[in-house]
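Here's the structure, in structure tokens; my notes come after.
This chain uses plain numbering: 1 for the first residue, then up along the sequence.
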Amino acid sequence: MGLEYVLPAGDRESFLSCRRAWDLGAWERGNLEPRETAPATGADAVRAALAVYYFPGMWDWQPQLVLRLVRTAFLDALPQRHSWDDGLALLEAYFHWAPTIDDMSPIAVTTELDVRVPDPTNPGSDLASPDGRAVHYRDRPHLLAIDAEHRYWMVEHRISRGPWRAVELLRLDERCLSWCWAFEQAHPGMRVAGTVFNELRADAELPSVAPARPERRGRLQQSGDSYVRPWSAAESSEPSAEPEAEVAQTEAFRRVRLPRARAELRGFGERLAAQVREMVDPELVCYPTPASRRCARCAFRAPCLAMNAGTDPASLLTAGYRPRSHDPVPGQLGGGTWSIGRGAAPPTFGRRPAGGGTR
């Protein structure tokens, strides 16, 4: 048992999907995972390549040098004996499209967030487990970016098949919204303007294009007045109406920018706190939630069926599962363009930064 009650984002999603699966696999419960883990997918490889493409420390590098590294990252991330030529074609088409739409500069990629969960009913205090351990929520956002107006945005890379989802459904999706909430918890005084869904369709019909040779990868560089510290965006007034989405799309790519109201972030924090109270309750009943689509991809289907039949699943769990590894994931040197450690610039909390910035 650790000094903290750890709640990874994936465990929260499991809890909301099926409490029995959560009970078997969650970090603070059964802590199990299949011995035969699923290999990385082509979509995982595309996301790994995009993490290199938007690597903050290389944003102003020569594009041709960066694109070579991006292609290599994609091939390195593919599972063994797996070939996905369409993935390279999708990325190549993206290299042509992205410079026409990228109007933000990257600040951090796949940076781990680890924040305590505040108690909304008792301001100034955090939630804890019955044994007194503070509850820590953890996740790794795909990308934090800044625009020309010094507004900060959380970006989620989505690789999908089939028609685009309705924008209203994207607004209801909580993963990217949770990143906004967690970053503001981790950096008091920081204001995240909203979420951006960067979508790539793996089944789209792609035009035949030559290898991309862009002169630059985006409209906003990190040099000059386009970059300020992440704490420096002052609080702005609450909009009187729900902010409208900005959508740009082709057959293969779509960029959806959703400004987020303060109420949306507060609402997520309140829902998370309510869910945490249930998770840490020693009297919680962990019942299954059967559904054909959910159960088809569940890693605990076999022991769940045994439990439904009144059979002890211990032998199945021993043979087919192992404890989850809690080894830290290595960070990326240069994965962020700012820091809160020694030598970091102090927060301005809305004051005008030295050097003539606009905030």
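A donor-acceptor contact shorter than 3.5 Å links the side chain of D44 to the backbone of T41. Within the 3.5 Å criterion, the main-chain N or O of R68 finds a donor-acceptor partner in the side chain of T72. The closest donor-acceptor contact from the side chain of R255 to the backbone of V196 lies at 3.5 Å or more, if one exists at all. With hydrogens and angles ignored, the 3.5 Å screen pairs no side-chain donor or acceptor of N31 with any backbone N or O of P323. In terms of modelled atom types and a separation under 3.5 Å, the side chain of R294 and the main chain of T289 share a donor-acceptor contact. In this structure, the side chain of S125 engages the main chain of N122 through a donor-acceptor pair within 3.5 Å. R260 places a side-chain N or O within donor-acceptor distance of the main-chain N or O of R171, the cut-off being under 3.5 Å. The backbone N or O of G25 lies less than 3.5 Å from no partner atom in the side chain of E33, so there is not a single donor-acceptor pair.
When the side chains of ILVMFWY residues are joined at heavy-atom separations under 4.5 Å, either directly or via intervening members, L170 and L177 end up in two distinct hydrophobic clusters. Linking Ile, Leu, Val, Met, Phe, Trp and Tyr residues whenever their side-chain heavy atoms come within less than 4.5 Å places F268 and L127 in a single cluster. W59 and L91 end up in the same hydrophobic cluster when Ile, Leu, Val, Met, Phe, Trp and Tyr side chains are linked at under 4.5 Å. No single ILVMFWY cluster, assembled from side-chain heavy atoms under 4.5 Å apart, contains both F183 and V115. Cluster membership for F55 and L65, using ILVMFWY side-chain heavy atoms within less than 4.5 angstrom, is shared.
With a 4.5 Å cut-off on side-chain heavy atoms, V167 and E244 do not count as touching. Taking 4.5 Å as the limit, some side-chain heavy atom of R322 sits within range of a side-chain heavy atom of T37. When side chains are defined from C-beta on, Y53 does not count as touching P63, because their heavy atoms never get closer than 4.5 Å. Contact annotation: the side chain of D173 never approaches that of L169 to less than 4.5 Å [non-hydrogen atoms, C-beta and beyond]. Contact annotation: the side chain of P130 approaches that of V280 to within less than 4.5 Å [non-hydrogen atoms, C-beta and beyond]. A 4.5 Å side-chain heavy-atom check between V52 and M58 finds at least one atom pair inside the cut-off. L75 is not listed as a side-chain neighbour of R71, based on a closest heavy-atom distance of 4.5 Å or more. For the pair D126/Q185, no side-chain contact is recorded, criterion being any heavy-atom separation below 4.5 Å from C-beta on.
Residues forming a ring pair (Phe, Tyr, Trp, His ring centres under 6.0 Å) with F253 (at least two apart in sequence, or on another chain): Y94, W97.
Rounded to the nearest 0.5 angstrom, M307 CE and Y287 OH are separated by 14.5 Å. Atom CG of residue L144 and atom OG1 of residue T110 lie 12.0 Å apart, to the nearest 0.5 angstrom. To the nearest 0.5 Å, the span separating NE2 on H142 from CG on L50 amounts to 9.5 Å. If you take CG on D119 and CD on E270, they are separated by 11.0 Å, rounding to the nearest 0.5 Å. Going from atom CG of L305 over to atom CG of L316 covers 9.5 Å, rounded to the nearest 0.5 Å. Expressed to the nearest 0.5 Å, how far CG of L200 lies from CZ of R47 amounts to 10.0 Å.
Between D103 and R257 there is a salt bridge, with a side-chain nitrogen of the basic residue lying less than 4.0 Å from a carboxylate oxygen of the acidic one.
Here salt bridge (Lys or Arg N to Asp or Glu O under 4.0 Å) pairs that include residues 7-26, with residues two or more places apart or in two chains, are D11-R324, R12-E174, E13-R175, R19-E278, D23-R29.
Residues E4 and R133 share a closest heavy-atom pair of O-NH1, 3.1 Å. Closest of all the heavy-atom pairs between W179 and R140 is CZ2-O, 4.0 Å. Of all heavy-atom pairs between E264 and P259, the closest is OE1-O, 4.1 Å. Of all heavy-atom pairs between A182 and L113, the closest is CB-CD1, 3.6 Å. Residue S129 comes nearest to V135 through the heavy atom pair N-CG2, 4.1 Å, listed as atom of the first residue, atom of the second, then distance. Taking both residues in full, the closest heavy atoms of A45 and A77 are given as CA-CB, 3.8 Å, listed atom of the first, atom of the second, then distance.
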Please list every donor-acceptor pair under 3.5 Å in which a side-chain atom of residues 295-304 meets a protein atom from a residue at least two apart or in another chain.
residue: R297; atom: NH1; partner: R293; partner atom: O; Å: 3.3
residue: R301; atom: NH1; partner: C295; partner atom: O; Å: 2.8
residue: R301; atom: NH1; partner: A296; partner atom: O; Å: 3.0

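The aromatic rings of W181 and Y137 sit perpendicular to each other, their planes meeting at more than 60°, with 30° as the lower class boundary.
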*Under the side chain to side chain contact (heavy atoms under 4.5 Å, CB included) rule, what do L7 and L272 come out as? Steps first, then yes or no, please.*
CA-CA 11 Å; L7 174 58; L272 177 62; 4.1 Å; yes
*Can you list the steps and then say if V70 with F95 is a side chain to side chain contact (heavy atoms under 4.5 Å, CB included)?*
CA-CA 10 Å; V70 174; F95 299 156; 3.6 Å; yes
*Does the pair F197 and R165 meet the rule for a side chain to side chain contact (heavy atoms under 4.5 Å, CB included), with working shown?*
CA-CA 11 Å; F197 296 91; R165 296 177 65 187; over 6 Å; no
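The closest side-chain donor-acceptor pair between D102 and Y54 falls under 3.5 angstrom.
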